[in-house]
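Just below is one structure, and these are the notes that go with it.
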Amino acid sequence: MAEPTKKRVTDIGPPHYKKFLPPVILANYGKWKYHEIPRPGVLMHVSESGDKLYSVRAASPRIVAIDTVRMFADLADKYCGGFLRFTSRNNVEFLLTEDKNIDPLIADLTAAGYPVGGTANSISNIVHTQGWIHCHSAATDASGIVKSVMDEMTQHFTKMELPGKLRIALACCLNMCGAVHCSDIAILGIHRKAPQVQHDKVKAMCEIPSAVASCPNAAVRPAVVDGVQSIEILEEKCMYCANCYTVCPALPLNNPETDGVAIWVGGKVSNARSEPRFSKLAVPYLPNNPPRWPEVVDTVKKIVEVWAANARKYERMGDWIDRIGWPRFFKLAGIEFQKQHIDDFKHAGLTFKRSMHLRYDKE
Amino acid sequence: MAEPTKKRVTDIGPPHYKKFLPPVILANYGKWKYHEIPRPGVLMHVSESGDKLYSVRAASPRIVAIDTVRMFADLADKYCGGFLRFTSRNNVEFLLTEDKNIDPLIADLTAAGYPVGGTANSISNIVHTQGWIHCHSAATDASGIVKSVMDEMTQHFTKMELPGKLRIALACCLNMCGAVHCSDIAILGIHRKAPQVQHDKVKAMCEIPSAVASCPNAAVRPAVVDGVQSIEILEEKCMYCANCYTVCPALPLNNPETDGVAIWVGGKVSNARSEPRFSKLAVPYLPNNPPRWPEVVDTVKKIVEVWAANARKYERMGDWIDRIGWPRFFKLAGIEFQKQHIDDFKHAGLTFKRSMHLRYDKE
Amino acid sequence: MASFTHGNITIEVDEDGFMAQPEKWNNEVALALASTEGVTALSEDHWKLVNYLRDYYTKFGVAPMIRKLCKETGFPLKTVYDLFPSGPAKGACKVAGLPKPTGCV
Amino acid sequence: MASFTHGNITIEVDEDGFMAQPEKWNNEVALALASTEGVTALSEDHWKLVNYLRDYYTKFGVAPMIRKLCKETGFPLKTVYDLFPSGPAKGACKVAGLPKPTGCV
Amino acid sequence: MARKPTPKLDQLEKGPWPSFVREIKKRADKNATCADLLGVLEKSYEERVGHWKHGGIVGVFGYGGGVIGRYSDVPEEFPGVAHFHTVRVNQPAGWFYTSAALRTLCDIWDRHGSGLLNMHGSTGDIIFLGTSTEHLEPIFEELTQAGFDLGGSGSDLRTPSCCCGEARCEWACYDTMAFCQEMTMHFQDELHRPAFPYKFKIKAAGCPNDCVASIARADLSVIGTWRDCIEIDQAEVAKHAAKGNDIVKDVVMNCPGKCLSWDGKALTVVQEDCKHCMHCINAMPKAVRPGKERGAALLLGSKAPIMEGALLSSVLVPFIKMEPPYDDIKALLEAIWEVWSEDGKNRERVGEFIQRVGMGNFLDAIGLDPDPSMVAHPRENPYVFYDLGGNGKE
Amino acid sequence: MARKPTPKLDQLEKGPWPSFVREIKKRADKNATCADLLGVLEKSYEERVGHWKHGGIVGVFGYGGGVIGRYSDVPEEFPGVAHFHTVRVNQPAGWFYTSAALRTLCDIWDRHGSGLLNMHGSTGDIIFLGTSTEHLEPIFEELTQAGFDLGGSGSDLRTPSCCCGEARCEWACYDTMAFCQEMTMHFQDELHRPAFPYKFKIKAAGCPNDCVASIARADLSVIGTWRDCIEIDQAEVAKHAAKGNDIVKDVVMNCPGKCLSWDGKALTVVQEDCKHCMHCINAMPKAVRPGKERGAALLLGSKAPIMEGALLSSVLVPFIKMEPPYDDIKALLEAIWEVWSEDGKNRERVGEFIQRVGMGNFLDAIGLDPDPSMVAHPRENPYVFYDLGGNGKE
Ligand code: SRM
Ligand code: SRM
Ligand code: SRM
Ligand code: SRM
Ligand code: SF4
Ligand code: SF4
Ligand code: SF4
Ligand code: SF4
Ligand code: SF4
Ligand code: SF4
Ligand code: SF4
Ligand code: SF4
């Protein structure tokens with residue numbers, strides 16, 4: 001590595017956000033009175049002062065080329081004085097004051113392949129992670145599934161015809177970067193085979209005590225194998241979380257045959273009406289079937305459809321299932337209830353049905 | 001011990017219940033249509049056939065002398081052909097067909113000191129256990145507290161003026177014979193000091209591995225003390241559950257100074273409206289103050305009063321607290337919220353408030 | 001602590017008749033203890049049970065669970081009660097000089 | 001596996017410049033490794049840190065947590081970065097011949 | 001009998017609630033045990049600590065349970081309670097008696113013990129409270145002659161108990177007493193000769209009101225329910241309304257299934273949303289009743305806190321017809337006992353056992369299919385086991 | 001650039017949703033890294049497995065985090081991605097930009113990397129995706145010259161993030177962006193030089209809608225709220241009703257506090273029953289608004305599943321006024337970090353730490369009083385610790 005360069009400064013932090021706010025925001029900061037959503041993808045915020053700000057929200061694949069970012073910059077210059085932002089779900093928002101610019105901007109964005117929408121009761125962008133593009137941990141790809149699923153969901157992005165918001169998220173492994181664990185629908189990359197210990201590498205590459213401590217299920221033990229200090233994995237106690245691999249590279253567990261995807265439903269984070277809660281297992285395993293993961297796409301589609309057709313206004317996925325009950329959810333979604341659905345980790349007993357509040361279907 | 005006697009038979013089981021059913025029940029078994037509660041302590045069950053059965057329910061201290069049982073038998077002979085039963089909460093019920101017998105029976109029972117009541121929205125008998133009368137485990141007495149509390153609650157037994165049923169239960173130690181853990185109000189005997197190991201007795205009296213395995217918190221370890229095999233208790237890990245004492249008599253933990261009573265609220269078992277649920281800690285500790293445990297009586301009274309004054313029709317204790325929230329319960333009941341109220345056992349995290357559904361009192 | 005005498009030996013026992021000093025157990029003591037539990041002579045089957053219990057206890061520090069005892073001795077539970085009318089815990093364990101079973105009553 | 005040469009020694013390292021054969025570590029190797037992390041000479045303070053890391057690792061099989069390292073060497077974190085500009089994990093651990101810290105990035 | 005003064009206990013004779021002290025005193029003059037019980041209890045009240053030694057193991061020949069041994073730790077001071085064992089007598093189902101039967105029990109107990117009893121113990125037994133070892137065989141002989149037998153204790157099947165069910169309740173969805181009796185009789189051996197890893201309790205309630213608290217304190221809770229629609233008698237609903245019941249506020253708004261509606265004339269229900277909670281039925285007897293297709297749900301595993309924290313029973317079979325002699329339930333119980341006895345740890349209740357081995361594995365072992373009614377919700381954590389064998393191909 | 005055929009990936013160029021493949025292809029002709037990224041990804045799609053080696057530890061001088069090292073496991077086949085590190089650039093609060101700022105970032109990244117980026121990473125950073133070790137120092141120099149700095153990685157404070165708050169939202173109960181900026185600036189050292197047991201994330205949402213999902217993925221979740229009454233503009237409510245909104249069904253019936261009522265003319269609320277859920281406000285913008293006494297609640301401990309299962313943050317301070325420079329919150333954070341750093345295990349998040357040591361003990365250690373708002377309900381198990389010392393007298 002080179003010497004530290006001369007012009008370097010450290011710990012300056014990010015630029016102050018005020019530099020990046022359009023005048024209308026600077027003038028009305030903290031004074032917004034209400035908003036309306038005149039059409040999908042467009043927010044109109046009205047200030048106590050009467051000033052109006054229009055935000056036009058366009059889809060983004062999150063992974064973008066600088067070419068695209070420059071294109072966004074150009075559009076911002078063209079329509080809104082160069083001011084734009086990104087959302088917490090990785091959409092891009094153009095911040096306009098001229099309502100006449102809305103339609104042309106939308107036309108340009110749509111033409112460039114970045115549909116406008118994602119507001120109110122729609123499906124917004126899929127929060128997701130790196131997958132095979134960048135991460136060593138990935139049990140599945142991220143971007144490919146996201147693209148495949150959203151291709152089927154785009155009409156729910158550009159329209160606002162769903163009972164409530166529906167948030168889909170994807171994480172390519174159990175580390176769950178992106179906190180998919182509280183999503184209406186979560187798509188999760190999973191392993192299903194225990195790590196294969198590379199005994200020749202353990203000692204040089206790993207802190208054995210850290211690897212042992214890393215296992216949530218005490219499946220990792222120090223062992224001497226062929227005379228060298230190494231690790232053994234009690235396969236029957238392993239549930240493939242990969243935490244040992246995270247701390248010890250000599251314990252790989254990627255496996256093309258058995259890796260795949262699990263689908264989870266009914267989580268949320270907002271406090272509106274019901275409390276935030278975790279997503280629950282809907283489908284334990286679907287295969288990795290690139291490039292378009294048809295099994296995953298079909299399953300997500302089916303769940304969205306069945307929810308959209310049956311939920312009441314404002315009912316998020318989890319609220320809806322709460323109302324109809326899990327047995328009916330499984331029936332409506334056409335998913336078989338299996339052993340894997342029943343929790344068997346530390347707090348498992350708390351998920352058992354410990355009451356007589358049972359529903360029976362008409363025969 | 002003597003030789004087995006000659007006339008002995010085994011495994012005959014209890015007498016068949018049919019032998020003990022009055023004719024009106026035998027005739028209408030399974031054919032009851034509805035019931036009414038003409039007055040506190042009296043149930044009128046009406047059959048499809050039109051037959052009527054009156055049950056008169058009287059309080060019992062549960063521990064009864066044969067003299068009393070014979071007196072009950074006499075009353076049954078006098079008023080209802082000798083038929084009577086006991087309830088799941090240890091009250092006695094006389095089974096009448098003649099409604100004219102109701103008043104005289106109630107008069108006799110009342111005169112004998114066994115008040116009639118406990119039906120519908122009342123406080124029924126306190127389910128309880130042995131206490132100092134019979135059990136080696138007791139951290140408090142049972143009968144004395146029950147008597148003291150019920151002396152204050154009798155008017156809620158003989159009337160039906162509460163918002164809903166209120167079930168009080170008492171267990172004299174954490175073994176919780178009687179399943180007090182699902183009561184509107186539970187009174188629980190507790191220890192607060194770790195067992196004192198009697199090292200000279202451990203080996204002869206105890207299976208050391210069983211004692212070690214018995215501790216929910218892994219506070220018990222085998223140890224060699226003064227050359228003999230014994231046990232050591234890690235005091236900081238001990239939460240005084242006494243399970244080790246149950247399997248190993250050489251680990252006593254009764255302590256007059258530190259034993260006492262905890263009060264729990266909001267449990268239930270019926271499925272009516274809300275699901276069955278456990279009681280939660282209201283008051284971590286009150287002293288053993290025989291013969292009348294005034295601190296316990298006052299606390300229970302206060303809780304009952306505050307519930308009775310504030311709950312809506314049908315609202316059991318737990319449903320009421322659910323509606324108003326725990327912060328307000330503590331405020332209304334005048335109980336200080338302490339460290340001990342916050343769970344720190346295995347599933348503790350699941351009891352933390354993990355949402356923004358917060359209520360704030362008006363200042 | 002009480003004590004009782006059988007033939008020419010005296011044994012210290014607790015109220016339930018379990019040995020206070022289990023280290024003093026021997027075959028004669030066993031016979032004496034058996035007499036308190038409705039067993040007058042110790043047959044081969046009796047000894048098989050007693051020895052199994054003692055071996056197990058020596059090895060693991062606990063009495064075996066009943067199912068294990070039946071399985072490993074080959075005696076159905078009924079037979080155990082035939083041999084020791086007061087049962088495996090109160091009868092057989094006592095005769096075998098094990099500590100008094102506790103807990104689950 | 002790459003290798004690099006410093007003075008007259010050649011060291012096998014992985015892509016990140018951590019030793020492939022940590023058992024070959026010695027003081028000269030340390031100096032060589034240091035040169036890759038912007039450290040030209042190893043002062044007494046450098047050695048104090050390196051030795052602490054090695055001792056700790058030998059004893060416990062893991063690198064110490066940073067807070068512990070600062071506490072026990074008496075160096076505030078700032079000083080650690082002064083000594084090893086690429087920090088305790090990438091800099092100091094590498095020079096001390098420990099396995100590459102993993103996990104939390 | 002001569003007895004020490006008991007100033008503290010005497011205070012508990014006052015007040016409107018029946019006094020246990022008075023009960024003991026009723027016998028203290030006739031019975032040395034009762035006299036000394038008062039004495040030792042007064043001592044406990046003074047010292048704020050119990051005076052019983054740990055444990056005690058006594059019993060009758062041929063049985064492994066049914067008697068709880070108890071010895072005083074101050075026998076010199078109170079010789080009357082030096083021995084103070086209790087005898088658990090199996091109650092008749094539903095706790096129904098005739099005066100004659102009660103007198104028989106009293107007579108036996110008068111002859112052989114303190115004459116104090118619990119009507120009843122928490123599990124359901126008649127508890128004869130306080131006798132000495134030499135009385136046990138005679139008590140047993142006299143009881144069996146009178147047609148009574150002992151209940152459970154130790155690691156056995158405990159005395160099953162039940163609500164009064166069809167004998168006196170219009171809501172019973174099955175015959176709880178017949179079921180309780182049949183189980184008790186069929187499993188006499190399991191009841192009397194402990195062979196499980198720990199105790200096993202059965203409680204039977206006729207409907208989800210669960211008047212025996214079975215969901216909180218039975219390893220097997222059998223709770224009646226129906227699987228079709230509640231039955232509504234609109235005329236009777238109208239009468240309730242006329243009587244001033246606020247049908248919307250009291251009934252509709254309290255329905256957890258949110259499946260009721262009332263338009264002032266008719267009460268309607270969305271059948272498949274009904275949670276079978278009993279509330280509308282409870283609130284309007286005569287007007288609303290359980291449906292016709294009746295049976296029970298089987299729930300497994302409730303228990304007191306020690307060791308892993310208390311458990312409520314959880315759904316194992318969401319609905320089963322209750323048909324004597326209940327061979328299906330007996331077979332299921334035997335399968336459960338087999339698995340639990342084989343792999344359960346000493347003093348591990350079946351509810352804890354299931355949590356340890358995992359519900360899925362447990363179901364596999366007893367041969368039941370998973371059903372979404374068994375869970376409040378599917379798992380939240382991604383820690384799922386698979387067993388894919390060699391190369392991982394399924 | 002020359003690149004291998006990618007028939008599988010090509011299929012992902014079709015369809016209405018923006019295609020990441022098209023993004024990569026936009027640069028594949030100009031940039032060898034992008035060309036080889038397509039190649040290795042196609043290989044992954046064929047083989048159904050990733051092709052990155054474990055870990056990688058690279059960075060810039062003076063910092064312990066901010067760069068994720070990544071190496072290909074097939075560098076010979078795809079030398080362009082032999083090194084494929086990512087640089088985490090700290091985003092401006094609220095993700096607001098000018099076109100000029102974006103172009104500056106693009107230019108730097110054009111010179112020194114693949115030209116692919118994530119706008120943004122899940123934590124909030126701008127992710128520069130794919131560069132090699134020798135570019136790191138130059139990138140850092142150019143970034144800092146342009147006024148940008150690196151974000152967090154490793155066991156440090158991670159880049160705080162926030163919703164747009166007062167900049168664009170009428171519901172913000174405090175200035176999320178100001179708070180986020182202040183925390184980021186104040187804790188630069190904690191952000192750049194890992195010294196904690198594990199990562200620590202801060203996320204700031206202006207109201208309980210929590211548009212940054214802070215309750216699910218921040219060790220410290222700062223969520224705006226108000227402690228007085230919602231503000232109701234009855235005229236505007238009437239307008240909503242006139243527009244055909246069913247106030248009872250849509251709003252009143254959905255209120256979790258069950259504290260709203262609507263008589264056709266006025267919407268009334270029982271203030272102390274309001275749970276501050278936001279629903280009535282969300283459902284009727286303009287008509288209902290948060291109250292005047294605004295601030296935030298501080299919640300602690302959310303995280304992803306590993307190891308003990310996922311956690312949501314739990315209430316630590318039910319209400320706090322948000323007053324710059326937030327010295328109270330800084331002091332609290334420092335107290336938390338002190339305790340956690342002292343006693344936390346390696347790779348133990350603060351939420352797990354609290355569960356291990358017990359919330360009560362944790363509160364003692366950081367000097368906060370227990371409050372019933374911290375719990376969903378008090379404990380159910382009777383396993384309570386005391387420390388009564390010698391003879392047990394308190
Ligand atoms: C722009 C953004 C904040 C930001 O700083 O980036 C934002 C902006 C707004 N949110 Fe949000 N929310 C944003 C992410 C979220 C998230 C976080 C997430 O999805 O990861 C949530 C939590 C979702 C969840 O519970 O899982 C979120 C839950 C809400 C809710 C509650 C919805 C519910 O019923 O549960 C509202 C209220 C509403 O829409 O009625 C809301 C409302 C709003 C309002 C109306 C607030 C306002 O007055 O300005 C904004 C327009 C919403 C819309 O799109 O219709 N926002 N909002 C985020 C846009 C993400 C996107 O590109 O789609
Ligand atoms: C006699 C008894 C059954 C027995 O076989 O012994 C019984 C009998 C009846 N119960 Fe019960 N229950 C009996 C213990 C219980 C228990 C168990 C307990 O308390 O330990 C419960 C569960 C309590 C709980 O949830 O903690 C119980 C929960 C109910 C309920 C549900 C109440 C609720 O709103 O939660 C009803 C319905 C009602 O009363 O509206 C009910 C209703 C009834 C009815 C009306 C049923 C009927 O139509 O005959 C009976 C008269 C009730 C009354 O007293 O007003 N019974 N009932 C028990 C009397 C105990 C006593 O002496 O007080
Ligand atoms: C007599 C009785 C209490 C009463 O006053 O009614 C009783 C008394 C004892 N129980 Fe119990 N239990 C009694 C019903 C219960 C119940 C309630 C029930 O069965 O419905 C429970 C809670 C439900 C359950 O089973 O979990 C109960 C849970 C326990 C436990 C905790 C078991 C557990 O798994 O957590 C123990 C401890 C043990 O088994 O070692 C226990 C142990 C004991 C012992 C044997 C004490 C011991 O540590 O060995 C008590 C003997 C007291 C004595 O000296 O008389 N007792 N015990 C009840 C039996 C009477 C009867 O047969 O009718
Ligand atoms: C880049 C990013 C995903 C993305 O595509 O956006 C990411 C990528 C990685 N995360 Fe993450 N995490 C990222 C946000 C998250 C989040 C979401 C958040 O911060 O809001 C979470 C869940 C919330 C949380 O912190 O619990 C998250 C939970 C994890 C975990 C599990 C931590 C835990 O306590 O359970 C790990 C494992 C670890 O730390 O060893 C992890 C580890 C990793 C590693 C370093 C892989 C590893 O095993 O060492 C990933 C590097 C991927 C790569 O090669 O690029 N990442 N990680 C996100 C950071 C971008 C940014 O700075 O803006
Ligand atoms: S979720 Fe897993 S595989 Fe995906 S980026 Fe995060 S750590 Fe990597
Ligand atoms: S993958 Fe997870 S469960 Fe399996 S051994 Fe590794 S740490 Fe343990
Ligand atoms: S609750 Fe405890 S003290 Fe009371 S009877 Fe049961 S085991 Fe004995
Ligand atoms: S009393 Fe309970 S917690 Fe304490 S040592 Fe004994 S078993 Fe363990
Ligand atoms: S449980 Fe049901 S059936 Fe049994 S008595 Fe109670 S209300 Fe009647
Ligand atoms: S039984 Fe309960 S859930 Fe069913 S309709 Fe009646 S009140 Fe509703
Ligand atoms: S969290 Fe609240 S304040 Fe922030 S953007 Fe969302 S709705 Fe507005
Ligand atoms: S904020 Fe939520 S809880 Fe409060 S009144 Fe509105 S809907 Fe009800």
Side-chain angles (χ1 to χ4, degrees), chain B residues 2 4-5 7-15 17 20-21 25 29-30 32-34 59 61-67 69-70 73 76-77 82 85-86 88 113-114 132 136 138 143 147 150-151 154 175-179 181-182 216 241 243 249 254 256 269-273 276 288 290-291, chain E residues 8 11-12 15-18 20 23 26-27 44-45 48-50 52 54 61-62 90 92-99 102-103 106 110 115 118-119 122 137 141 144 147 149 166-167 170 177 184-185 188 208-213 215-217 254 277-279 282 285-286 304 306-307 310 312:
Chain B
T5 58
K7 288 208 289 183
R8 228 162 162 270
V9 287
T10 63
D11 300 291
I12 61 167
Y17 55 88
F20 298 150
L21 299 179
I25 289 187
Y29 199 95
W32 300 106
K33 192 172 172 202
Y34 69 95
R62 191 176 82 125
I63 180 170
V64 281
I66 48 177
D67 315 69
V69 176
R70 284 171 175 150
D77 283 345
R85 74 180 289 264
F86 293 81
S88 63
Y114 301 90
W132 293 333
H136 62 237
S143 313
K147 164 74 175 148
M150 283 311 289
D151 275 343
T154 307
N175 282 336
M176 289 202 191
C177 303
H181 52 296
C182 294
C241 73
N243 199 35
N254 290 341
V269 296
S270 93
N271 289 272
R273 300 167 309 282
N288 271 334
Chain E
K8 288 202 189 281
Q11 293 183 48
L12 289 169
W17 195 250
F20 72 102
E23 297 293 329
K26 282 185 187 173
R27 301 211 57 69
S44 287
Y45 271 49
R48 291 175 295 147
V49 72
W52 305 107
H54 185 291
F61 285 124
N90 198 140
W95 303 290
F96 283 87
Y97 297 91
T98 55
S99 49
L102 285 181
R103 288 197 190 95
C106 289
D110 205 353
N118 286 138
M119 295 297 275
S122 291
E137 279 294 327
E141 179 185 327
T144 47
D149 199 344
E166 296 193 345
E170 68 270 31
M177 287 174 28
T184 307
M185 297 309 290
Q188 283 286 300
N209 280 334
D210 198 358
C211 295
V212 282
I215 202 167
R217 57 197 187 107
N254 275 320
C277 83
M278 290 295 296
H279 176 67
N282 292 341
K286 217 170 171 181
I306 289 162
M307 350 212 285
L312 292 167

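Atoms considered below: every heavy atom in the structure, side chains included; atoms not considered: hydrogens, waters and symmetry mates. Below, chains carry the letters A, B, ... as their sequence lines are ordered, and counting in each starts from 1.
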If you measure from [atom1] on [X] to [atom2] on [Y], what distance do you get to the nearest 0.5 Å?
X        : Y        : atom1 : atom2 : result
E:Asn254 : B:Arg273 : CG    : CZ    : 6.0 Å
E:Glu170 : B:Trp32  : CD    : CH2   : 9.5 Å
B:Thr10  : E:Phe61  : OG1   : CZ    : 13.5 Å
E:Glu23  : B:Ile63  : CD    : CD1   : 8.0 Å
E:His279 : B:Asn271 : NE2   : CG    : 13.5 Å
E:Trp17  : B:Asp151 : CH2   : CG    : 9.5 Å

Max heavy-atom pair count under 4.5 Å with chain B, selected residue of [options]:
options                               : answer
E:Ala304, E:Pro18, E:Pro92            : E:Pro18
E:Ala216, E:Pro285, E:Ser99, E:Ser122 : E:Ser99
E:Arg217, E:Met185, E:Met119          : E:Met119
E:Ile215, E:Asn90, E:Asn118, E:Thr144 : E:Asn118
E:Gly62, E:Pro16, E:Ala213            : E:Pro16

Indicate the atoms forming the closest heavy-atom contact of [X] with [Y], along with that distance.
X        : Y        : answer
E:Arg27  : B:Asp67  : NH1-OD1, 2.8 Å
E:Met307 : B:Asn243 : SD-ND2, 3.5 Å
B:Ser88  : E:Cys211 : OG-O, 2.6 Å
E:Asp149 : B:Gly13  : OD2-N, 3.0 Å
E:Lys26  : B:Ala65  : CB-CB, 4.1 Å

What part of [X] lies closer than 4.5 angstrom to a heavy atom of chain B: side chain, backbone, both or neither?
X        : value
E:Met177 : both
E:Thr184 : side chain
E:Leu312 : both

Whether B:Trp132 side chain and E:Tyr45 backbone form a donor-acceptor pair below 3.5 Å: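 Not at all, since once roles are kept as given, no pair shorter than 3.5 Å links the two residues.
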Evaluate E:Asp210 against B:Ser270 for side-chain contact (heavy atoms from CB on, under 4.5 Å), listing each step before the verdict. CA-CA 5 Å; E:Asp210 198 358; B:Ser270 93; 5.5 Å; no
Looking at side-chain heavy atoms only, is the closest gap between [X] and [Y] below 4.5 Å?
X        : Y        : answer
B:Pro291 : E:Leu12  : yes
B:Arg70  : E:Leu102 : no
E:Phe20  : B:Val64  : no

Classify the ring geometry of B:His136 against E:His54: parallel below 30°, tilted from 30° to 60°, perpendicular beyond 60°.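 Because their plane-to-plane angle is under 30°, the rings of B:His136 and E:His54 count as parallel.
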Determine the interplanar angle of the B:Phe86 and E:Tyr97 rings, folded into 0 to 90°, and report it as parallel if under 30°, tilted if 30 to 60°, perpendicular if over 60°.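 Geometry flag for E:Tyr97 against B:Phe86: perpendicular rings.
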Between B:Val69, B:Ile66, B:Leu21, B:Val269, who has the most heavy-atom pairs with chain E when the cutoff is under 4.5 Å?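 Heavy-atom pairs under 4.5 Å are most numerous for B:Ile66.
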Could you check which of B:Arg62, B:Met150, B:His181 has the highest count of heavy-atom pairs closer than 4.5 Å to chain E?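 Option with the top pair count is B:Arg62.
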How would you list, by chain and number, every residue that makes a side chain to side chain contact (heavy atoms under 4.5 Å, CB included) with E:Met278, sequence neighbours excluded?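 Applying side chain to side chain contact (heavy atoms under 4.5 Å, CB included) to E:Met278 gives E:Trp171, E:Cys207, E:Pro208, E:Asn209, E:Trp226, E:Ile281, E:Asn282.
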Using the salt bridge (charged side-chain N to carboxylate O under 4.0 Å, His left out) criterion, which residues pair with E:Arg103? Sequence neighbours excluded.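 Expected list: B:Asp74, B:Asp77.
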Would you say the ring centers of E:Trp95 and B:Tyr17 fall short of 6.0 Å from each other?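 No - the distance between ring centres of E:Trp95 and B:Tyr17 does not fall below the 6.0 Å cut-off.
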